[in-house]
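Following: one structure in C-alpha cells, then a few remarks.
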Amino acid sequence: MEQIIAPETRVDRRALLAAGITVVLWASAFVAIRSAAQYFSPGALALGRLLAGSVVLGVIWLARREGLPPRAAWPGILGSGLLWFGLYMVVLNWGEQEVDAGTAAMVVNVGPMLIALLGGWLLREGFPPRLLAGMAVSFAGAVVVGISMSDGGRASIVGVLLCLLAAVTYAGGVVCQKPALKHASALQVTTFGCFVGTAACLPFAGPLVTEIATAPLPATLNVVYLGVFPTALAFTTWAYALARTTAGKMGATTYVVPALVVLMAWAVLGEVPGWLTLAGGLLCLAGVAVSRGGGKAREPGNVTSTT
C-alpha cells in the first residue's frame, strides 16, 4: 500500500512546487511591467518579452531534443499561443496604462473564476464545492486588495474593458492549453505557444526597435527579465503543474499573486501596504488554501491519500 501511495505523493509535491515557482515569478512580473511600461508601448513590451522567452525556450527545446509536438496537441497550442501568449500580454500591458494597479488587479482576477467555469463545462472537470468556495473567498480578497490600492480616481472605462478582455483571454488560453498537455510535454506546449504568440506580435517590431534605442538599460533589462523568468520559466512550470491537476485548481492557485505583489511592491518599490491591503492578501491566501484542500480528486485505478 505504501509503495502505491508514495509515488503519487511525490508527483503532487513536484506539481505544487512548480505552481509555487509560477505564482512567485508572475507576481514579480507586475513590478517589472510597472517599471518597463514607462518606456515601452504595450505591443512592443509584449513582443520584447516574448522574443526573450522564445530564445530561451528554443535553446532548451533544442538541447533536450524533444521534437515537434504531436498533431493532436496543435489546436491547443495555437489557441493558447494566440489568446494567452499573444493577445493577453498586449491587452494587459495596455490596460495597466489606463487604470490604476488596484483596479487592474480586481478586474483581471475574474480570470480564475472563468477558468473554473470553463474547465467545469468544456473540460468536464465539474464544479467541486470546495473549489468554488475557495475561489469566492480569494476573489473577495482580490477585490479588497484592489480597493485598497486604488488611487481614488475614476477608472477609465476603456482600461476596465481591456483588463476584462485580458481576463477572458487568460481563461481561454488555459482551457485551450489543458487538452494539449495530454499529447505533448510541458516544454513543447510552452515553447511552441510562445512561438505562436511571438509571431502574432510581430507587427509591433517597428515600435520595439525604436523604443529600445531610446529606453534606459534598466528598462530593457526588465523586458529581458520578463521574457526569461515570468515567461519562459514560469509558463513551463505552470504547464507542468497544469498537466497534473485540473484547470480550475490551477486557476485558483493564481489568487496567491495579488498577495505576493503587495509584498514585492513593499520590498522593491517601498510601497508600504495598509492594513486593508494586508487583510485582502490574507483572504487571497485563505481562499487558495480552501480550494486546494480536501485531498486529491479520485481517478480510476489510483489510490487516494489524504496528506
Side-chain angles (χ1 to χ4, degrees), residues 7-30 53 57 76 80 84-85 88 105 108-109 111-116 118-120 123 125 128 130-135 137-139 141-142 167 170-171 173-182 184-191 193-194 226 228-264 281-297 299 304-307:
E8 187 176 336
T9 303
R10 286 198 298 269
V11 169
D12 184 66
R13 286 176 179 173
R14 293 192 192 103
L16 288 175
L17 176 61
I21 292 171
T22 297
V23 297
V24 170
L25 291 176
W26 281 355
S28 74
F30 282 89
L57 288 167
S80 63
W84 198 6
F85 286 88
Y88 167 79
V108 172
N109 270 294
M113 301 291 288
L114 295 176
I115 291 172
L118 291 174
L123 303 180
E125 294 178 351
R130 286 186 67 96
L131 174 62
L132 297 180
M135 295 188 79
V137 173
S138 288
F139 184 71
Y170 160 43
V174 172
V175 173
C176 286
Q177 190 183 64
K178 176 65 174 176
L181 291 166
K182 295 180 180 179
S185 70
L187 179 61
Q188 287 174 321
V189 171
T190 305
T191 300
C194 193
L226 286 166
V228 175
F229 294 99
T231 303
L233 177 56
F235 273 79
T236 302
T237 52
W238 163 276
Y240 176 89
L242 180 62
R244 289 157 176 80
T245 187
T246 65
K249 280 196 172 184
M250 279 303 292
T253 302
T254 62
Y255 273 120
V256 176
V257 171
L260 292 177
V261 170
V262 170
L263 295 177
M264 289 181 180
L282 289 175
L283 272 178
C284 290
L285 297 176
V288 172
V290 170
S291 67
R292 300 290 303 188
K296 297 184 180 77
E299 297 179 8
T304 58
S305 62
T306 56
T307 54

Review point. Okay, side chain of Ser80, backbone of Gln177: is any donor-acceptor separation there less than 3.5 Å?
Key: no
Exercise for review: Could you tell me which residues satisfy side-chain hydrogen bond (donor to acceptor under 3.5 Å, both in side chains) with Thr231, sequence neighbours excluded, listed by chain and number?
Suggested key: Arg49
Check your understanding: Which heavy atom in Thr190 sits nearest to a heavy atom in Ala232, and how many Å separate them?
Key -> CG2-O, 4.4 Å
Practice item. Side-chain contact test, heavy atoms from C-beta onward, threshold under 4.5 Å: evaluate it for Val228 versus Leu233 and give yes or no. Key: no
**Study point:** For the student: nearest non-hydrogen atoms of Leu181 and Ala186, plus distance
**Key:** CD2-CA, 3.9 Å
Revision key, fill the gap. With sequence neighbours left out, the residues meeting side chain to side chain contact (heavy atoms under 4.5 Å, CB included) with Ala171 are Leu114, Ile115, Leu118
**Study point:** Set of side chain to side chain contact (heavy atoms under 4.5 Å, CB included) partners for Ala18, sequence neighbours left out
**Key:** Thr237, Tyr240, Ala241
Practice item. Give the ring-plane orientation class for Tyr170 versus Tyr88, where under 30° counts as parallel, over 60° as perpendicular and anything between as tilted. Key: tilted
Exercise for review: Tell me, please, which residues at least two apart from Ser28 pass side chain to side chain contact (heavy atoms under 4.5 Å, CB included).
Suggested key: Leu25, Tyr225, Pro230, Met264
